[in-house]
Amino acid sequence: MIGLFDSSILGIENLSYVFPGEEKEKSIFQHVSLDVKPGEFVSIIGSSGSGKSTLFRLIAGLLEPTSGQIWINGQLSDKRLGKVGYMPQKDLLLPWRTVIDNVSLPLELTKENKKQKLTEIKEWLSRFGLSGYENAYPHELSGGMKQRVAFLRTMMTGKELLLLDEPFGALDSLTKRNMHSWLLELWGELQKTVLFITHDLEEAILLSDRIYLLPGRNKPFIQEVNVDLPRPRNSELIYQSEFIGMRKELEWLIRDER
Amino acid sequence: MMKGKVKKWASDYGLFLLVILALLSIWEWVVEKGFIPSFILPSPTAIWKSLVENEQILLQVHLPATLEEVLIGFFLSIIGGVFLGVAMHFSRILEKILYPFLVISQTIPLIAISPIFIMWFGYSIWSKIAVTILTAFFPIVVSTYDGLKAGGNEYQELLLTMGANRFHIFKKVQIPMALPNFLSGLKMSVVYCVVGATIGEWLGASEGLGYFSRRMSGNLQADAVFAAIFLLSLLGIVLFLIISLLEKLLLKNKLR
Ligand SMILES: Nc1ncnc2c1ncn2[C@@H]1O[C@H](COP(=O)(O)OP(=O)(O)OP(=O)(O)O)[C@@H](O)[C@H]1O
Ligand SMILES: [Mg+2]
């Protein structure tokens, strides 16, 4: 067993999760295995209720697996809280804090010097298209901006692996398109590893190096698809034939799944 | 700008003022015409006259005395109430022990227990403060405790994934989330303080608006009794407004 996920930043082996219930227990998924290498962008696709968010809560350490193992940085991890950056499905910005105070929240929890990092934060804010909004409160921001603030806050945890749970799920398609261009542009310099939940096939192909399809009703196992599109990418990619081919393949896999 | 403010003020309070004015006029008229004898219900103008007559002693002796009891009682209630509320939040055992006692403390008839305070603390200010605290600390404990329980579970989980400990969560999520509830408790409590101090003075005091009103009722001077009552409710209103203002300042950006 030792050394199985040596080169992986995240390894999941035979993971099953059953929600403990009073009357009947509820099995969410069974025997899920996957791994993520440093620097990868990996998407997870699955129908609503297939347990994507639950998987993230397991990885982040908010839930304990019923069976199976989770390895982080090549180590079997029991105490996972505080080891990965987790961006939940809702933005969960603290409404009583300004943008800059929300973003620097992770720094207050570790013993890092917030003041020293302030210039760095300011720079990131401008790179995230948020300059001028440092002192705004969350209710004064648009949906896309809130998502970016939440994303930046997740980055500020300083963790290498980021779990992003449908970060663009609630955005209209135009805003989403802009966020894609922005993220693709930024990706080279972020130097992070991302595990990304989405419903949107186009989004998954455009952004990812690999895609996992969570088990569905007819296919009780996890499927993996490689996205061999060269980087750096831009959002124009979606009109190219390779992209459309990928998309067809993925749709076929998913349809088969149902 | 100024005009808009006046307009808003008028639309907020205009109706209320109109009704008050109407009620006062009817009251004055009813007493004037002799439908109700003035030693039972004095007219508003008589009350005002008595207020002016007794102005010196009311404003320089009795009001400050009551205010002192209220403020000390309120201050001690806040300290004790917050302490108990937080302690109950952190310890399930304390919660289980204390909650029933808290509820019982509120079901004891104040009038019955106050003589005991007099027995313990004599006619000093502390007997009055004890009654004040007994009425005022309950809303503070409950609002602190309930406020700290007030949800925010998702925020707490998020902080946990960032490696936060219990103290971080308390400071960065639970306290800010408890604040609205806590401030509502403060508003209630400060009004109760005035009630508590008055009752305390009724039972044995040598100064204060409650003492004054009781002495005057002994003398069958209804107008002076009402003058003291008027000052007491004014005191309650002013204290309430001060806390409301504080609430507005603190919650300016927390309302959403
Ligand atoms: N606390 C809970 N107790 C019991 N069942 C739960 C609990 N939380 C979630 N579930 C169930 O677990 C299943 C998976 O939920 P999860 O939120 O992981 O789905 P998801 O794939 O993220 O869905 P979506 O795409 O809609 O976000 C759902 O059927 C849900 O009803
Ligand atoms: Mg989900």
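Sequence lines set the chain letters: A, B, ... in the order given, protein chains first and strands last, and positions in each chain run from 1.
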S.K.: Is it the case that atom OH in B:Tyr192 sees more than 12 heavy atoms from other parts of the structure closer than 6.0 Å?
M.R.: no
S.K.: Could you tell me which non-hydrogen atom of B:Lys172 sits nearest to which non-hydrogen atom of A:Trp96, and how far apart they are?
M.R.: O-CZ2, 3.4 Å
S.K.: Select, from A:Leu163, A:Thr98, A:Val84, A:Leu105, the one with the greatest count of heavy-atom pairs under 4.5 Å involving chain B.
M.R.: A:Leu105
S.K.: How about A:Lys37: does its NZ atom have over 12 heavy atoms from other parts shown lying under 6.0 Å from it?
M.R.: yes
S.K.: Is chain B contacted by the side chain of A:Leu62, its backbone, both, or neither, given a heavy-atom distance below 4.5 Å?
M.R.: side chain
S.K.: Tell me, side chain or backbone of B:Leu158 under 4.5 Å from chain A's heavy atoms, or both, or neither?
M.R.: side chain
S.K.: So, for B:Thr161 and A:Tyr86, which heavy atoms are closest and what is the spacing to 0.1 Å?
M.R.: CG2-CD2, 3.6 Å
S.K.: Looking at CE of A:Met156 and CE of B:Met162, how far apart are the two atoms once the value is rounded to the nearest 0.5 Å?
M.R.: 11.5 Å
S.K.: Taking atom OH of B:Tyr13 as the centre, does the number of heavy atoms from other residues, nucleotides or ligands within less than 6.0 Å exceed 12?
M.R.: no
S.K.: Are more than 12 heavy atoms, taken from residues, nucleotides or ligands other than A:Asp78, located less than 6.0 Å from that residue's CG atom?
M.R.: no
S.K.: What distance separates A:Leu92 CG from B:Gln156 CD, expressed to the nearest 0.5 Å?
M.R.: 11.5 Å
S.K.: Which region of A:Arg57, side chain (C-beta onward) or backbone (N, CA, C, O), has a non-hydrogen atom less than 4.5 Å from a non-hydrogen atom of chain B, or is it both or neither?
M.R.: side chain
S.K.: Looking at B:His168 and A:Glu108, what are the two nearest heavy atoms and their distance?
M.R.: NE2-O, 4.1 Å
S.K.: Quick one: what part of A:Lys90 sits under 4.5 Å from any heavy atom of chain B, side chain, backbone, both or neither?
M.R.: side chain
S.K.: Atom CD of residue position A:Glu64 - does it have more than 12 heavy atoms of other residues, nucleotides or ligands inside 6.0 Å?
M.R.: yes
S.K.: Taking atom CG of B:Leu17 as the centre, report whether more than 12 heavy atoms of other residues, nucleotides or ligands fall under 6.0 Å from it.
M.R.: yes
S.K.: Evaluate whether atom CZ of B:Phe170 has more than 12 neighbouring non-hydrogen atoms of other residues, nucleotides or ligands under 6.0 angstrom away.
M.R.: yes
S.K.: Should the heavy atoms of other residues, nucleotides or ligands under 6.0 Å from CH2 of A:Trp182 be counted, would the total exceed 12?
M.R.: yes
S.K.: Among the options A:Leu109, A:Thr157, A:Thr110, pick out the one with the most heavy-atom pairs lying under 4.5 Å from chain B.
M.R.: A:Leu109
